[in-house]
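Single-structure report; data block below.
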Amino acid sequence: MVVEGLMNVFSDPLVILFIAIGVIVGIIFGSIPGLTATMAIVMFLPVTYTMTSTQGISMLIALYIGGISGGLISAILLNIPGTPSSVATCFDGRPLAEKGQAAKALGVGVVFSFIGTVVGVLLLIVISPLLAGLAIKFGPYEYCSLAIFSLSLVITLSGKDLVKGLIGAIIGALLATVGLSPIDSRQRFTFGSADLTAGFKLLVLLIGLFAVTEVIKYAGQVRKPEKIEIESGVKMKGIGFTAKEFFSQIFNCIRSALVGVGIGILPGIGGGVSCMISYTVAKNSSKHPEKFGTGIIDGVVASESANNGTIGGAMIPLLSLGIPGDPATAMLLGGLMVHNVSPGPLIFDKNGAVVYGIFFAMILSAVMMMIFMLVGMRGFIKVLNIPKNLLLPAIVVLCCIGAIGDSNRIFDVWGVLIFGLLGFGLLKAGIPSSPMILGFILGPMFEENLRKASQLASSDSAFRHPIFFLFMIVTVIVVFMSLRSNKKAAQAENSIASE
Amino acid sequence: MSIKKRVLSGFMAGVLGLAVLTGCSGSSSRNNAEVNQAGEDWPNSPINIICTHAAGGDTDYNARLMARMLEKELGVSVVVNNVTGSNGAIALGQYKDSKNADNYTFIMTNTAALTGNLATGLSDFGYEDFQTVGIFGKQSGENIVVPADAPYNTVEELIEASKQNPGQIKFGISTGGGVYIAATIMSKEYGAEFNIVDAGDASSRLTSILGGHIDASIVPYSGIKEYVENGDVKVLSTLLEEKPDLIQDIPTAKEQGYDNLVLNTMYACLAPEGTDEAVVQKLNEAMQNVAQNNTEYEEEVKKYNYQNPYVLSVDESKEELKTQTDLFMKYADDLQ
């Protein structure tokens with residue numbers, strides 16, 4: 001079966017060609033803010049209907065891996081995450097680029113994306129039934145507590161000003177309530193508008209907050225340009241970073257990839273959360289947490305290993321349970337079923353060769369992704385040479401196309417512009433945007449599962465859910481610890497200031 | 001040309017290319033007067049189909065497969081776009097207006113969404129606000145499933161068990177959908193006393209059954225097939241009115257004496273109000289021809305979703321939609 005799977009992928013030159021095309025298209029979609037991995041898969045899914053199953057599935061997987069990886073390019077070079085999965089890559093990737101180390105940031109991002117993918121795929125191959133078993137243990141109680149735990153990370157993401165971080169998180173959670181409520185589909189804040197009934201999309205919020213805000217910010221500086229010269233003429237040596245730097249990140253990388261896999265196997269959370277959780281975990285357990293956000297490779301490694309680890313993680317419930325973990329894998333599920341592969345507990349018995357084919361396609365896609373990105377890096381950096389007054393409008397156009405492309409509505413373009421203005425206002429008020437995004441994703445997850453759990457409560461007590469209690473206890477500890485470390489940091493700063 | 005300029009123009013070309021790539025999906029509205037006396041030479045330009053559900057699902061697959069076959073049948077390209085959100089209500093609301101009636105814009109959706117949204121109050125329009133083109137497919141059925149080790153083997157035993165322990169059997173549904181309506185029918189008509197809990201969409205409901213979070217649910221056949229073979233879950237009955245041709249070993253709820261416990265999800269093609277009658281008729285005939293005479297279509301639809309080709313004429317489709325709407329509207333007060 002293994003050999004057959006291997007043959008399926010490598011004996012057909014068309015499969016390799018489609019993987020190459022998929023990876024390149026995926027990277028392009030990933031790197032352009034507004035276009036995401038999911039959209040690439042959506043667009044190519046109908047194209048694969050007429051291919052053989054190995055060709056079609058391999059291409060979809062290549063698009064997925066390319067799409068998730070490509071997001072780091074614009075996150076680092078433009079401070080605009082190309083996909084929700086690379087939000088946390090901006091935190092340290094951008095400062096690195098501003099220090100003239102864009103090449104290093106890109107190199108680190110690409111290589112650790114590759115390692116993250118491989119760790120995810122290896123876990124997928126080796127212990128996927130075990131992890132799938134864990135995933136189905138997560139019911140409403142468990143998800144509810146996981147949402148609370150993840151929301152507690154807002155404290156770390158807020159930096160010094162906790163109040164402003166909480167304001168951001170609450171604005172995010174409130175924005176997510178617009179539209180139909182979970183469970184009973186009641187209309188909230190819709191003002192009779194059919195468009196508002198569908199609510200705001202994460203993608204729309206994200207490109208508004210990052211891309212449009214970036215443009216407005218730049219427009220505000222046109223008359224008095226800041227003297228930040230981004231060095232783009234730097235000679236690139238090899239892949240941009242040293243072997244010593246590589247080995248110093250091994251532990252960070254493995255831990256982050258595991259966080260990514262862990263989030264990936266839980267249906268419905270996705271790479272956007274995994275990169276932020278992994279970033280905060282890396283920061284909290286680092287010896288020098290104060291350096292995070294100033295441009296160190298640790299932050300890029302944490303974010304990029306995690307979001308790529310999420311790919312392997314999300315494939316676990318997809319293949320062994322038939323349950324998609326995020327929108328991209330939901331599309332993949334459709335693709336698999338079209339090609340007569342039914343994911344589920346019997347997939348190894350019935351479609352063993354196809355499954356091994358998928359594993360090989362994933363590895364091959366990851367290798368190609370790394371090669372294409374490392375080769376292309378010199379080209380990507382040239383983007384910084386383009387005068388911003390030409391580059392940024394083009395990006396806004398692309399963002400708007402992406403916003404429309406997501407569900408074919410002009411309304412979403414207005415959403416992008418309004419969130420852009422909102423983002424600029426919040427920037428001026430010093431309210432950070434990452435807690436807002438976390439609130440936007442986790443708020444609905446918390447609400448939905450709280451309500452589901454309360455429906456269960458009459459015949460299923462919380463005391464039968466050990467994972468629920470575990471998360472609650474960990475949350476209390478994390479809140480306590482991070483408040484204390486925040487306080488210490490504030491005191492240290494005060495004493496420096498008073499000296 | 002300097003390097004800088006070359007990079008720049010390359011970038012701009014890329015932007016343009018992408019704009020064409022993704023932008024071509026936008027629908028253009030044509031001049032009504034020009035095509036209204038169409039009928040005769042229709043179709044002579046590409047047809048736009050709006051699918052109300054996301055790519056990858058059964059509604060989308062049926063729409064795209066039919067579109068691909070219609071392309072050969074009609075000799076013009078048939079382009080499918082997905083306008084998603086609110087269980088199809090967004091797309092249906094957007095395209096029901098006669099301003100979209102250009103004889104080249106059609107909507108493909110499923111009947112559970114169309115009639116269910118009206119019954120649950122999610123939308124305030126039904127099939128009557130459109131011109132019915134035709135029903136062109138029938139889902140392989142929603143099924144009542146329980147874990148394999150559950151003590152009940154028939155729908156009757158399940159309902160009896162719920163009466164003995166009122167509120168203890170957790171029955172997972174997704175609020176507002178056809179599955180919710182089926183659970184409401186079981187409670188209102190047949191006295192079941194479940195603890196009806198929301199367990200999300202079909203795949204989440206399946207996960208919840210497997211993880212032991214709920215005791216029973218309703219899931220489409222294509223999702224559970226593997227688990228039935230594997231011995232993890234068992235099927236008590238299908239909710240289709242008649243047994244699907246390709247799955248003969250599952251009894252219908254109707255056979256077991258539950259006449260009103262019926263959920264016939266079908267795929268329907270609609271046109272905006274004001275579309276030419278002759279055009280509607282012509283498109284319906286083309287769909288009938290595909291479903292009845294095209295072996296490639298038959299193979300693909302069997303392979304993917306255990307469906308047999310199924311198609312109704314314009315009048316039959318209207319009748320079917322009316323029956324389904326009436327059934328759902330009977331429970332509207334309990335649902336809203």
Side-chain angles (χ1 to χ4, degrees), chain A residues 28 32 35 42-43 45-46 49 135-140 179-180 182-185 194-195 197-199 267 317 321-324 330-335 337-338 340 342-347 382-383 385-386 390-391 394 397-398 401-402 404-405 407-409 448 451-452 455-456 458-460, chain B residues 4 7-8 11-12 14-15 18-19 21-23 25-27 54-57 60-61 64-65 68 80-87 89-90 93-94 120 122 167-170 175-176 195-200 203-204 206-208 210-214 222-223 225-227 229-230 232 303-304:
Chain A
I28 294 172
I32 293 175
L35 304 184
V42 170
M43 247 175 91
L45 182 60
Y49 284 174
I136 61 169
K137 287 275 169 275
F138 272 69
L180 298 175
I183 311 233
D184 53 2
S185 298
D195 284 319
T197 308
L321 296 172
I323 292 155
M331 296 298 149
L332 282 180
L333 177 65
M337 305 218 342
V338 165
N340 219 3
S342 3
L346 304 177
I347 192 168
K382 297 245 163 63
V383 168
N385 282 336
I386 302 175
L390 295 175
L391 179 68
V397 170
L398 286 170
I401 292 172
I404 297 173
S407 52
N408 276 324
R409 298 193 304 168
E448 186 183 334
R451 292 177 67 179
K452 281 183 181 171
Q455 288 181 334
L456 289 173
S458 64
S459 49
D460 183 10
Chain B
K4 209 168 168 180
V7 170
L8 191 66
F11 180 74
M12 288 305 183
V15 170
L18 264 163
L21 206 64
T22 47
S25 57
S27 65
D60 175 70
Y61 185 75
R64 283 184 193 272
L65 181 61
R68 214 163 81 214
V80 179
N81 285 305
N82 304 82
V83 178
T84 57
S86 308
N87 195 19
I90 297 289
Q94 216 170 333
T120 55
L122 186 56
Q168 289 305 303
I169 293 183
K170 298 184 287 283
T175 311
N195 176 16
I196 295 183
V197 297
D198 192 284
S203 64
S204 322
L206 176 62
T207 328
S208 302
L210 296 173
H213 306 292
I214 54 176
S222 50
K225 191 175 152 282
E226 303 288 301
Y227 290 96
E229 282 179 38
N230 182 31
D232 279 348
K303 187 176 81 178
Y304 173 66

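Convention: sequence-line order gives letters A, B, ...; per-chain numbering from 1. Bear in mind the structure is a predicted one, so any value in this text is a computation, not a measurement.
In plain terms, the two heavy atoms of A:S458 and B:G167 that are nearest each other are OG-O, 4.5 Å. Across all their heavy atoms, B:H213 and A:K137 have their closest contact at CE1-O, 3.3 Å. Between A:P343 and B:E226 the shortest heavy-atom distance is O-CG, 4.1 Å. Pairing each heavy atom of A:K452 with each of B:G200, the nearest pair is NZ-N, 3.7 Å.
Highest contact tally toward chain B, considering only A:D195, A:L321, A:V42, is held by A:L321 [criterion: heavy-atom pairs under 4.5 Å]. Among B:A89, B:G212, B:A199, B:G93, the residue making the largest number of heavy-atom pairs under 4.5 Å with chain A is B:A199.
At a 4.5 Å heavy-atom cutoff, the contact between A:L456 and chain B is made by backbone and side-chain atoms alike. Contact annotation for B:T207: both backbone and side-chain heavy atoms come within less than 4.5 Å of a heavy atom of chain A. Using a 4.5 Å cut-off between heavy atoms, B:L210 touches chain A through backbone and side chain atoms alike.
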Query raised in the report: Going through the distances and angles, do A:D460 and B:K170 end up as a side chain to side chain contact (heavy atoms under 4.5 Å, CB included)?
Result: CA-CA 9 Å; A:D460 183 10; B:K170 298 184 287 283; 4.0 Å; yes

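Rounded to the nearest 0.5 Å, atoms CD1 (A:I347) and CG (B:N230) are 12.5 Å apart. Put simply, CG on A:L45 and CG on B:D60 are 7.0 Å apart, with the number rounded to the nearest 0.5 Å. Put simply, CD on A:Q455 and CD1 on B:I214 are 11.0 Å apart, with the number rounded to the nearest 0.5 Å.
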